[in-house]
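Quick note: numbers below take in every heavy atom, side chains included, and nothing from hydrogens, waters or symmetry partners. Computed from a predicted model, the values in this text were never measured in an experiment.
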Amino acid sequence: MNVELAAKIKGIFSEHFSAAPDLYFSPGRINLIGEHIDYNDGFVMPAAIDKGIYYAIAKNQSHEVNFYAADYKEKLCVNIGNIKKAAGWENYVLSVVNEFLVLNKPISGFDCAFGGDIPVGSGMSSSAAVECGLAFALNDIFNCGLTRTALALLCQRAEHNYPNVKCGIMDMYAGLNGKKDHVLFLDCKNISHEYFPLQLKGYKIVLINSKVHHSLASGEYNIRRQRCEEGLPILKKELNISSFRDIKKPEDVALHKNKMTTEVYNCCRYVVDEIARTKKGASMLQKNDLAAFGKLMYETHKGLSELYDVSCAELDFLVTYAGADRNVIGARLMGGGFGGCTINIVKETAVTDFVEQVTAAYNKQFNILAGAYIVETGDGTGRINLLLTE
C-alpha cells in the first residue's frame with residue numbers, strides 16, 4: 001500500500017469537505033492466464049496487486065452526493081434522487097451509486113475524494129478498482145450487508161450499465177477477494193474460487209505499459225463478446241453442450257467452422273483453447289513449474305493476437321522482444337487488449353536490464369517511451385487505517 005498516496009487523498013478530502021472520512025483501498029489486478037474468458041463461463045487466474053485506488057469518504061447528512069476525482073482535479077455534485085448516466089469517469093461512480101438504489105439499499109448523501117496509482121488504460125483494471133472501492137465503502141458506511149461476491153456482481157452490473165462495457169466478473173471479483181502471495185483460480189460460471197500460492201522464487205512480475213490507450217467502451221470489447229454469443233448456440237446444437245467449458249477437445253470447434261463466419265469461428269476457437277490452457281496452467285502452478293506456465297502465456301498471446309484479434313503492433317513487439325530474452329520465461333498482453341500492458345515473468349537479477357533494454361528498443365521502434373512496473377500481489381479491497389501503517 002502507498003501510505004503517502006493514502007495520506008494525500010485524505011488531505012485532499014479535508015480541503016474540500018468538513019467531515020472526518022473513513023479510508024479505503026481498492027487494488028488493481030493482474031491476470032496470469034485466462035484472458036477474455038470470464039464472460040464465457042471459463043476459468044481465470046487473477047491476483048490483486050499493490051497498486052490501486054484510494055478513497056476517503058464520509059456521510060454528509062444530506063441528499064447530495066459529492067465526488068472529487070484527484071487524478072483529474074474535477075468535481076461532481078449530484079442529488080441522490082437525480083442519478084443518471086453522464087460521461088467519462090463520472091459514469092463509473094454514478095453507476096455504482098445507481099446499483100445501490102436499484103437494490104433499495106439505505107444509502108444517502110456522502111462526500112468522497114479518490115485517486116490512485118494505476119495508469120488508466122493499462123490493463124490493470126483501474127475501472128474495476130474505482131467501482132469496487134466505492135461499492136465496498138458505501139456498503140460499509142451505510143451498513144448495507146452485501147457480501148464480497150454480491151459487491152463484485154453489483155460492480156459488474158455497474159460497468160455494464162452507464163459505461164456500457166459488457167465485461168465479465170474477473171476484474172471485480174479479483175479486486176475484492178485478492179490475497180497476498182496468492183492467485184485466485186476463479187470459476188466464472190459458478191462464481192467461486194480457490195487460492196493457489198504464487199511462488200515466484202527468483203522471479204518478478206514486470207508490467208510493460210505500451211502507452212497505447214485502448215477504449216473498451218468504443219465497442220471493440222463488446223464486439224468480441226457478441227461474436228462468442230453468436231457462435232455458442234451453433235456449438236450447443238452441434239456438440240450437445242451447454243457452454244464453451246463443456247467442449248472437451250478444441251479440435252471439435254473446427255468441425256463446425258463452415259457454419260460460422262471466420263471472425264466468429266476464431267473467437268470461439270480461442271475461447272476453448274484458453275479455457276484448456278488455464279486449467280493446464282493451474283496444474284503447472286500447483287507443481288511450481290514456472291517455466292511450463294510461462295510457455296502457456298506465450299501461447300495465450302498468440303491466440304489473443306491471431307484469433308481473438310485484440311492485440312496491436314506495439315503489444316506484439318513487446319511480447320516478441322520478451323520471448324527472445326532468456327531471462328523472461330513468459331509474456332503476453334494483459335487485459336482487454338488494443339493497448340495497455342504486457343505481463344512478463346522475469347528473472348529477478350535481470351529485471352533492471354530487461355526494463356532498460358525493452359523500453360529502449362520499443363522507443364526506437366515506435367517513438368513511445370513505455371512505462372514499467374514491478375508489481376507484488378496484495379489483499380483485496382478493504383478499509384485502511386493510516387495510524388496502523390505509519
Ring centres under 6.0 angstrom apart (F13, Y68): no

Heavy-atom pair with the smallest gap, counting every atom of [X] and [Y]:
| X | Y | value |
| --- | --- | --- |
| L146 | N139 | N-OD1, 2.9 Å |
| M334 | E35 | CA-OE1, 3.6 Å |
| A58 | A20 | CB-O, 3.9 Å |
| M45 | V183 | CG-CG2, 3.8 Å |
| I368 | S210 | CG2-O, 3.5 Å |
| R224 | D309 | NH2-O, 2.7 Å |

Is it true that the side chains of [X] and [Y] contain a donor and an acceptor less than 3.5 Å apart?
| X | Y | answer |
| --- | --- | --- |
| T300 | R277 | yes |
| D316 | S311 | yes |
| N91 | S95 | no |
| Y54 | N2 | no |
| Y270 | H36 | no |
| N60 | S62 | yes |

Between [X] and [Y], does any side-chain N to carboxylate O distance fall below 4.0 Å?
| X | Y | answer |
| --- | --- | --- |
| D117 | K8 | no |
| D252 | K248 | no |
| R225 | E229 | yes |
| R157 | E99 | yes |
| K204 | E376 | yes |
| K179 | D379 | no |

Nearest-0.5 Å distance that lies between atom [atom1] in [X] and atom [atom2] in [Y]:
| X | Y | atom1 | atom2 | value |
| --- | --- | --- | --- | --- |
| T342 | Y362 | OG1 | OH | 9.0 Å |
| I141 | Y55 | CD1 | OH | 11.5 Å |
| I169 | H193 | CD1 | NE2 | 12.5 Å |

Check against side-chain hydrogen bond (donor to acceptor under 3.5 Å, both in side chains), D38 and Y173: CA-CA 11 Å; D38 57 338; Y173 195 97; over 6 Å; no

Between [X] and [Y], is there a shared hydrophobic cluster once you connect ILVMFWY residues whose side-chain heavy atoms come closer than 4.5 Å?
| X | Y | answer |
| --- | --- | --- |
| L235 | L255 | no |
| Y162 | L103 | yes |
| F43 | Y195 | yes |
| V93 | M172 | no |
| Y39 | I223 | no |

Heavy atoms of other groups near K302 NZ, more than 12 under 6.0 Å: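 Open: at most 12 neighbouring heavy atoms sit under 6.0 Å from NZ of K302.
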
Enclosure of K105 NZ (heavy-atom neighbours >12, cutoff 6.0 Å):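 Above 12, so yes.
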
S26 side chain vs G133 backbone, donor-acceptor pair below 3.5 Å: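 It does hold such a pair.
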
side-chain contact (heavy atoms from CB on, under 4.5 Å) between N327 and F354, worked out: CA-CA 8 Å; N327 294 306; F354 169 68; over 6 Å; no

Evaluation steps, side-chain contact (heavy atoms from CB on, under 4.5 Å), between F136 and L151: CA-CA 7 Å; F136 189 96; L151 288 172; 4.1 Å; yes

Beyond-backbone contact of F185 with T278, side-chain heavy atoms, under 4.5 angstrom: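 In contact.
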
Min side-chain heavy-atom separation I275-D41 under 4.5 Å: no

Plane angle bin for F114 and F67 - parallel if under 30°, tilted between 30 and 60°, otherwise perpendicular: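 Taking F114 first and then F67, their aromatic rings stand perpendicular (interplane angle over 60°).
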
